[in-house]
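Before any comments, here is the structure.
Chain letters run A, B, ... following the sequence lines, proteins first and then strands; every chain starts at 1.
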Amino acid sequence: MTDTQTIAAMRPASTQDVADILMDAARKGEPLAVRGNGTRTGLGNPVRATRVLELGGLNAIDFYDPDDLVIRAGVGVTLDEVEQLLAQKGQYLPFEPPRYAGLYGTDSARCTLGGAVATALSGPRRILTGAARDFVLGVEGVNGQGDVFKAGGRTMKNVTGYDLSKLVTGSNGTLAALTTVTIKVLPAPRAEVTLVLPATSVEEDVALFARMRALPLGIGGLARRVNAAGVCEVLVRVEGSVPGVAGNQQILNSLLATRGPMQVLEQAESQSLWAGVRELTCLHARPDELVWRVNLPATTMPAFVEQARKAGCINRFFVDWAGGVVFSTMRGVQPEVDTLRYRKMAEQAGARATILRAPDAVLTQFGAFPPVSAGVAALAARTRAAFDPAGILNPGRMTVQA
Amino acid sequence: MQMPEPSQAILSQRDALAQGLRKIVGKDWVISDDAQRRPYQCDGITAYMAMPLLVVLPGCAEEVQAVLRFCHEKGVKIVPRGSGTSLSGGALPLEDGVLLVTSRLCNVLAVDEHNRVARVQPGVPNIKITEAVSHLGLCYMPDPSSQLISTIGGNVAENAGGVHCLKYGVTANHILGIQAVLMTGEMVELGGAYLGAAEGELDLMGVLTGSEGLLAVVTEIAVRLEPVPEVARVISMSFPSVEEACACVGAIIGAGIIPAGLEFMDRKVLDAVSVLIKEKFDDRTAALLLCELDGTAVEVDALVGVVSDVARGQGAIEIKVSTTEEERQRIWSSRKLAFSAIGKLCPDYYCTDGTIPRNKLPEVLNKMADMSRKYGLDYANCFHAGDGNLHPIIMYDAAKPGDLEKAEEFGADVLIACVDAGGVLSGEHGIGVEKRDLMTHQFTEIDLQQQQMVKCAFDPKDLLNPGKMFPTLCRCAEFGRMHVHNGNLRFADIPRF
Ligand SMILES: Cc1cc2nc3c(=O)[nH]c(=O)nc-3n(C[C@H](O)[C@H](O)[C@H](O)COP(=O)(O)OP(=O)(O)OC[C@H]3O[C@@H](n4cnc5c(N)ncnc54)[C@H](O)[C@@H]3O)c2cc1C
Ligand SMILES: Cc1cc2nc3c(=O)[nH]c(=O)nc-3n(C[C@H](O)[C@H](O)[C@H](O)COP(=O)(O)OP(=O)(O)OC[C@H]3O[C@@H](n4cnc5c(N)ncnc54)[C@H](O)[C@@H]3O)c2cc1C
């Protein structure tokens, strides 16, 4: 394996160039590390590649049609640029794509839209508005044979042919080098308020989340974290129209009255608080710690966390998605042993434990992404081969060799 | 409609196959006599019919596995079927194929109130899910108009939409996990019964959703449940012209409002329904929009005000807002009855579902008027305006020679116009056999080949619902090889291997 960080990257400026590069690589059977601007190469397994294909140069916005809630852009357009453009029209990317630049020590301003689609990372708002996969309307990409293909479209509804747009979303560059993506956008809520209240036990807090979520209150964020002062607190974000949020806040006030003193954060303050949740800064992961994301049913979360903390597999953690995801750190003292134990615990809880950050050796041995059944793994391998028969696109990114 | 030539060898083994299948599902659940097979000859498109070789009704997922394994071994094709309401011929039987019907797989297996998930079998009618959870204040959001009959398995296979998908999304946005059986009989579990259960794996569930029964038979589904909105109110807005109504659609969304539903009906539809609902529409009305807003009472009241203002600004003649649930139901009844009302005006009608960018609505609607003149067939329009999903209703008389063909050509022209306007062939009904041969208008050969390669990964023998969705059968063996790009091999001087 070559360290892909140090290889000079090929940085094509057009889809045709990407196709030529891939066709050439396919012919030579030469594996490529595919990336946007390389701000999140830490996510996923190290790639066994000899050259780097960097798509950050495909950075033109094809069109943005606010009345039709759609934008199509080259994959290299930065998330910052997209979000600023949308904000001018009062719109946003509802899946709130995390950058994780802090996590990987990279430059958040360089995170690309293509990377957001390829990693399918979704922020705290997922419980209300959905995930990255729910907003990808269409893609153009180049498969492992150098063929330029498109899938999906730009309309809000589309069932024409297989939904390959969903399939490539979250495929971490293993199916195709994406060149353009078409994304559904939404009007940003006019009002946003976050209620901050003292946490109690994890069980009680999760039960509280369930009670709140049973009501149609437009809750676009429910998290539990330790704040800078070391105090554990519950965060409730309410979004919508100005009168709607005011009304919903009243309902929540009475529901939460017994919870002790409540702090109310509005607009910018609320936004920066949730940026911290989205970017996992509230985890305060130390550089030598591993960082994990565990997806699980909210109801099994408290017992899982309790067990994992006792076992020393969780050092710090916070909870997002109303308890449906636990972000945690693991001390880097004996990462191999702890990784194996943590994964086992997750498996027993019916959870999926993804390593967001770890030393290469750990990722190569255990895989960043949780294992799937043999049947699903085989089907996934056949599906990858349908795009990339020679296995030249990000080989090993999502799978570990048995 | 050209379908793959039935295999004589398979047809001749009918009795033996029936016997083999009876061993798996029990003798009552294999239908082989003509009279009982007849109701299964078509789905929602009655223009296309074929007698299935046999009809099999498995009673559990294991039986589905065994049936598929058996048919795979014998090289027999399978067509999955839910309730047969598909409007694209997706469930059209094959004469040499076994129709696998999911009606007996009709249980809601579990409701997890706290994680807001229900696990259901594929044959459960869509509405039954909401009925099973409504006492908890929850519902299953996607609501195709066929929801009383169409199954959740069929909804997953077609990625069905509904009136409320503008705000809440289509089927794919509400599926958390799928258990499915491949043609070989192998079972796969994708995702699971909680949000995020599929994180970090290839989104095979995403591609299975909307795959029209070509990739696998879905045997269990975990769906997301949502709290029922506290109130819903509908605004009926009439306009003196189609253009003004269309402009209002864009203006509402441009104002930052995503209604729960936003439907369009033209004058012909209004005239047809006014007989049924005994209500007259203002003479000046050329088109009517129904806009549903939901949420909490305060929120909805505020939005009703904004939308009414927008509509007035766009030239609305009359604006009616429901103040009670009864009024809301009454206003909606015009939309709900639209298709049956048109059905009373003509012997037959044909409805496609091309989808376009919203701002292209006037342009494409105008083209339709030209086409109507060209084919000499009347038409009406009643569609999901909020997401640009057209449902032109083309009226014809199947008894008149040539009428059906004209209607089909008219429909095809509309779909081509949709694609040319930057849209797609189908917003929610799927490709099936109906739009199959138009796929080349939307996709290049390479696009289609990439899709068919995925089919090969799931079903290399092309036994699962073949002849649907793609204008040509899969040639899985050939696809793997290096191929020619638009007739030219690039870098022709470079050695290929
Ligand atoms: C009722 C209850 C609920 C709890 N819930 C959580 C929880 O949801 N998540 C969780 O991680 N722990 C939780 N804890 C545990 C508690 O916060 C731990 O003491 C903390 O994580 C300490 O970890 P440490 O030993 O690595 O850090 P320490 O050695 O105690 O501290 C190292 C340094 O890091 C700072 N620090 C430690 N943790 C954090 C943090 N999370 N955010 C900011 N700065 C920090 C400290 O202030 C200190 O400067 C809970 C404890 C109780 C009693
Ligand atoms: C009056 C009417 C109104 C309609 N309104 C809408 C609407 O508003 N929105 C909308 O989207 N559609 C609508 N439809 C179309 C239709 O109802 C949907 O496509 C529905 O999802 C089909 O469900 P079904 O159970 O009838 O499936 P069928 O028609 O039996 O099958 C449809 C397809 O799904 C496949 N299939 C079925 N079950 C499975 C399974 N378990 N595993 C794998 N494949 C399977 C079949 O092979 C076939 O290709 C309407 C139809 C009618 C007749």
Side-chain angles (χ1 to χ4, degrees), chain A residues 23 27 66-69 90 127 130 133-134 143 145 147-151 153-164 166-167 169-171 186-187 210 214-216 240-241 243-244 247-248 295-299 321 324-325 350 352 354 369-370 372-373 375-376 379-380 382-383 386 389, chain B residues 114-115 137 158-159 161 169-170 173 186 188 190 194-197 199-204 206-207 209-211 227 229-230 250 253-254 256 258 295-296 298-299 302 355-359 387-389 422-428 430-431 442-443 446-447 450-451 453-454 456-457 480 490 494:
Chain A
M23 200 176 207
R27 185 174 54 76
D67 284 353
D68 209 28
L69 306 176
I127 55 166
R133 73 191 286 272
D134 299 309
N143 69 15
Q145 300 198 77
D147 295 327
V148 179
F149 69 94
K150 63 177 182 334
R154 60 162 290 183
T155 56
M156 296 297 112
K157 275 162 88 181
N158 180 3
V159 294
T160 316
Y162 297 137
D163 196 346
L164 299 189
K166 279 219 172 52
L167 193 54
T169 303
S171 68
L186 286 178
L215 303 169
S241 66
N248 290 341
N295 296 93
L296 74 182
T299 45
W321 296 5
V325 54
R352 290 182 59 77
T354 303
F369 301 105
V372 292
S373 71
V376 172
L379 183 60
R382 292 199 299 276
T383 304
Chain B
H114 296 298
N115 295 307
E158 299 284 8
N159 192 11
V170 293
N173 311 118
E186 185 191 351
V188 289
L190 305 168
Y194 58 93
L195 187 68
E199 292 286 289
E201 62 184 56
L202 219 46
D203 196 355
L204 298 172
V207 80
T209 307
S211 65
E230 185 184 302
I253 287 159
I258 304 294
T296 51
V298 202
E299 178 131 43
T355 301
I356 52 175
R358 276 172 283 243
N359 52 18
D387 28 42
N389 187 187
V424 295
L425 295 172
S426 181
E428 57 180 21
I431 301 303
Q442 183 175 332
F443 293 112
I446 288 177
D447 300 339
Q450 187 59 71
Q451 295 189 30
M453 293 279 286
V454 171
C456 296
R490 274 188 289 133
I494 299 173

Point to revise | Structural part of A:T383 lying under 4.5 Å from a heavy atom of chain B | key: both
**Study point:** Part of A:L186 lying under 4.5 Å from any heavy atom of chain B
**Key:** side chain
Review point. Which atoms of B:V454 come close to chain A, meaning under 4.5 Å heavy atom to heavy atom: side chain ones, backbone ones, both, or neither?
Key: both
Check your understanding: Of the backbone (N, CA, C, O) and the side chain (C-beta and beyond), which part of A:V376 lies under 4.5 Å from a heavy atom of chain B, both, or neither?
Key -> both
Practice item. Examine whether an atom of B:L195 lies under 4.5 Å from a heavy atom of chain A, and if so say whether it belongs to the side chain, the backbone or both; otherwise answer neither. Key: both
Study note, to complete from the structure: Turns out that what part of A:R133 lies under 4.5 Å from chain B's heavy atoms comes down to side chain
Review point. Do B:T296 and B:E230 meet the criterion of a side-chain donor-acceptor pair at a distance under 3.5 Å?
Key: no
Exercise for review: Against chain A, label B:N159 side chain, backbone, both or neither, depending on which of its atoms sit under 4.5 Å from a heavy atom there.
Suggested key: both
Review point. B:N359 and A:D68: side-chain donor and acceptor closer than 3.5 Å?
Key: no
Exercise for review: Tell me, for A:L167 versus chain B, whether the close heavy atoms (under 4.5 Å) come from the side chain, the backbone, both or neither.
Suggested key: both
Practice item. Dump the intermediate steps for salt bridge (Lys or Arg N to Asp or Glu O under 4.0 Å) on A:R352 and B:E199, then the final yes or no. Key: CA-CA 7 Å; A:R352 290 182 59 77; B:E199 292 286 289; over 6 Å; no
Revision key, fill the gap. Bottom line for A:A214: the part with an atom under 4.5 Å from chain B's heavy atoms is backbone
Revision key, fill the gap. Note: vs chain A, highest number of non-hydrogen pairs under 4.5 angstrom among B:P357, B:P229, B:A197, B:G169 is B:P357
**Study point:** Part of A:N158 lying under 4.5 Å from any heavy atom of chain B
**Key:** both
**Study point:** Under 4.5 Å from any heavy atom of chain A - which part of B:Q451
**Key:** both
